[in-house]
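Just so it is clear, the values below take in all heavy atoms, side chains as well, and ignore hydrogens, waters and symmetry mates. Note on naming: letters A, B, ... go to the chains in the order of the sequence lines (proteins, then strands), and numbering restarts at 1 for each one. Bear in mind that the values here come from a model prediction, so they are computed numbers and not experimental data.
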Amino acid sequence: MPELPEVETIRRGLSKFILNKKFVQVEVLCEKSWVGERVTGTVVSLRRYGKALIIDLNTGKSLMIHLRMTGQLIWRGAEQYAAGHPSENFVAELPNKQTRVVFKFEDGVLYFNDQRKFGFIKVLLTSEVENDAFIKKLAKEPWQMNAKELYDKFQHHKNAPVKAVLLDQTIICGLGNIYADEALFDAGVHPETRAGALDEKQVEAILMGARKVMQESIDSGGSTMATYVRADGTRGDYLEKFAKVFRREGESCVRCGAKIVKIRVAGRGTHVCPKCQKVNDD
DNA sequence: CTAGGATCCTGTCAGC
DNA sequence: TGCTGACAGGATCCTA
């Protein structure tokens with residue numbers, strides 16, 4: 001579930017509670033969710049590669065955390081913090097059925113919850129993080145890449161729908177289902193357009209759209225995530241506030257008033273304004 | 001090599 | 001009520 005902006009928000013938010021703090025015990029409740037030996041240690045830094053969060057320890061080891069679809073990190077101490085896939089777990093009694101790993105810190109507990117068990121925590125040598133197969137394959141993030149580079153990559157996937165190409169982390173890193181849809185809407189490009197049919201100007205519009213929607217999310221992420229932990233169970237309002245198409249099927253396009261529709265592209269639910277997002281013919 | 005579909009897993013919701 | 005299938009903010013593996 002979490003895409004780059006959510007993971008960046010988690011990185012910033014969690015730092016406040018676990019940076020320079022020591023966890024003295026780790027409890028693994030689901031073996032599938034943990035790869036490698038059990039470790040303990042003091043957190044010396046939190047980094048991010050695309051959607052992967054890296055927690056470096058003072059022992060020369062690091063934890064690579066990927067939340068995939070339904071992962072969550074929830075801090076319970078004097079204060080509370082929760083981020084990741086929004087659900088009742090943010091305010092639930094923990095640990096519960098979906099708790100996979102428990103980190104016991106001296107002044108609180110960090111829970112890794114993950115309904116579908118697609119996420120994982122992997123122990124790596126800090127010196128080897130960048131050589132990890134997943135990390136190594138990641139492409140640049142939208143801010144590190146220019147339109148020409150992205151255009152050139154599109155030419156290697158001429159026949160794939162542009163949405164599929166945007167979701168491929170080895171082509172451009174950080175977008176997931178929400179931001180792919182939102183970036184394409186911003187650029188006025190239909191998700192089913194073949195990547196090879198786009199001209200450089202359109203590719204640039206997509207890249208700028210991706211930067212814009214993700215930056216907006218990061219800039220507001222803190223407050224958005226904060227609402228998730230309120231005791232009344234209020235959900236984050238990112239989608240209501242910022243999404244122009246995602247999960248707005250049946251509602252009116254903010255640009256032209258046409259009805260937003262939901263279709264299936266690259267095996268994923270895809271939201272599009274059929275009037276102002278065009279498929280290039282060629 | 002690319003493109004597309006199945007798959008991992010649990011839970012929820014719509015439709016019968 | 002109970003069953004069934006579709007689907008889900010991700011990524012990999014398998015096949016053609």
Side-chain angles (χ1 to χ4, degrees), chain A residues 1-10 29-33 35 49-53 64-73 83-90 92 96-100 112-122 132-139 153-185 191-197 210 213-214 216-218 221 224-225 228 235-250 262-271:
Chain A
M1 149 271 142
E3 305 175 35
L4 186 153
E6 284 72 32
V7 179
E8 176 61 17
T9 298
I10 291 170
L29 305 180
C30 174
E31 284 303 324
K32 188 177 189 291
S33 305
V35 182
Y49 290 88
K51 303 175 191 173
L53 179 68
M64 174 171 116
I65 304 180
H66 202 308
L67 302 173
R68 291 280 183 100
M69 296 282 264
T70 54
Q72 307 167 311
L73 288 168
H85 181 66
S87 85
E88 298 307 318
N89 283 334
F90 286 0
N96 65 17
K97 204 164 45 167
Q98 297 179 352
T99 304
R100 309 302 176 203
F112 172 59
N113 270 37
D114 184 17
Q115 176 186 117
R116 294 174 73 180
K117 301 185 181 176
F118 292 165
F120 58 86
I121 299 176
K122 184 176 180 181
D132 176 84
F134 175 78
I135 304 285
K136 209 167 181 172
K137 279 189 303 190
L138 294 177
K153 289 192 175 214
F154 278 17
Q155 307 320 306
H156 295 288
H157 305 272
K158 280 184 173 302
N159 294 316
V162 60
K163 168 149 178 184
V165 175
L166 291 180
L167 291 175
D168 185 336
Q169 305 296 299
T170 69
I171 293 170
I172 182 168
C173 178
L175 299 196
N177 210 31
I178 296 178
Y179 299 102
D181 283 4
E182 294 298 324
L184 288 167
F185 173 80
E192 287 177 312
T193 310
R194 306 282 137 183
V213 296
M214 292 173 101
E216 270 180 18
S217 174
I218 291 171
T224 303
M225 291 296 194
Y228 287 146
R235 302 294 183 84
D237 57 352
Y238 170 78
L239 292 175
E240 290 149 39
K241 268 169 76 180
F242 297 101
K244 306 284 198 298
V245 286
F246 196 81
R247 288 191 193 149
R248 290 194 69 242
E249 61 268 30
K262 185 174 181 183
I263 57 175
R264 213 156 178 83
V265 181
R268 308 293 301 274
T270 298
H271 311 76

Among residues 167-177 of chain A, which residues get a heavy atom nearer than 4.0 Å to DNA chain C? A/Q169, A/G176, A/N177

State, to 0.1 Å, how close A/V265 and A/E192 come at their nearest heavy-atom pair, and which atoms those are. CG2-CG, 3.6 Å

Could you run through DNA chain B and flag its stems, i.e. three or more consecutive Watson-Crick or G-U pairs with both distances under 3.5 Å? B:2-8 with C:10-16, B:10-16 with C:2-8

[atom1] of [X] versus [atom2] of [N]: gap in Å, rounded?
{"X": "A/L53", "N": "C/dG10", "atom1": "CG", "atom2": "P", "answer": "16 Å"}
{"X": "A/I121", "N": "C/dG10", "atom1": "CD1", "atom2": "C1'", "answer": "16 Å"}
{"X": "A/F246", "N": "C/dC7", "atom1": "CZ", "atom2": "P", "answer": "14 Å"}
{"X": "A/R268", "N": "C/dA6", "atom1": "CZ", "atom2": "P", "answer": "17 Å"}
{"X": "A/E249", "N": "B/dC13", "atom1": "CD", "atom2": "P", "answer": "15 Å"}

For [X], all residues meeting salt bridge (charged side-chain N to carboxylate O under 4.0 Å, His left out), sequence neighbours excluded:
{"X": "A/K153", "answer": "none"}
{"X": "A/E8", "answer": "A/R11, A/R12, A/R48"}
{"X": "A/R248", "answer": "A/E251"}

Contact pattern, 5' to 3', of nucleotides 2-12 of chain B - B, S or - by protein heavy atom under 4.0 Å: SSS---BBBS-

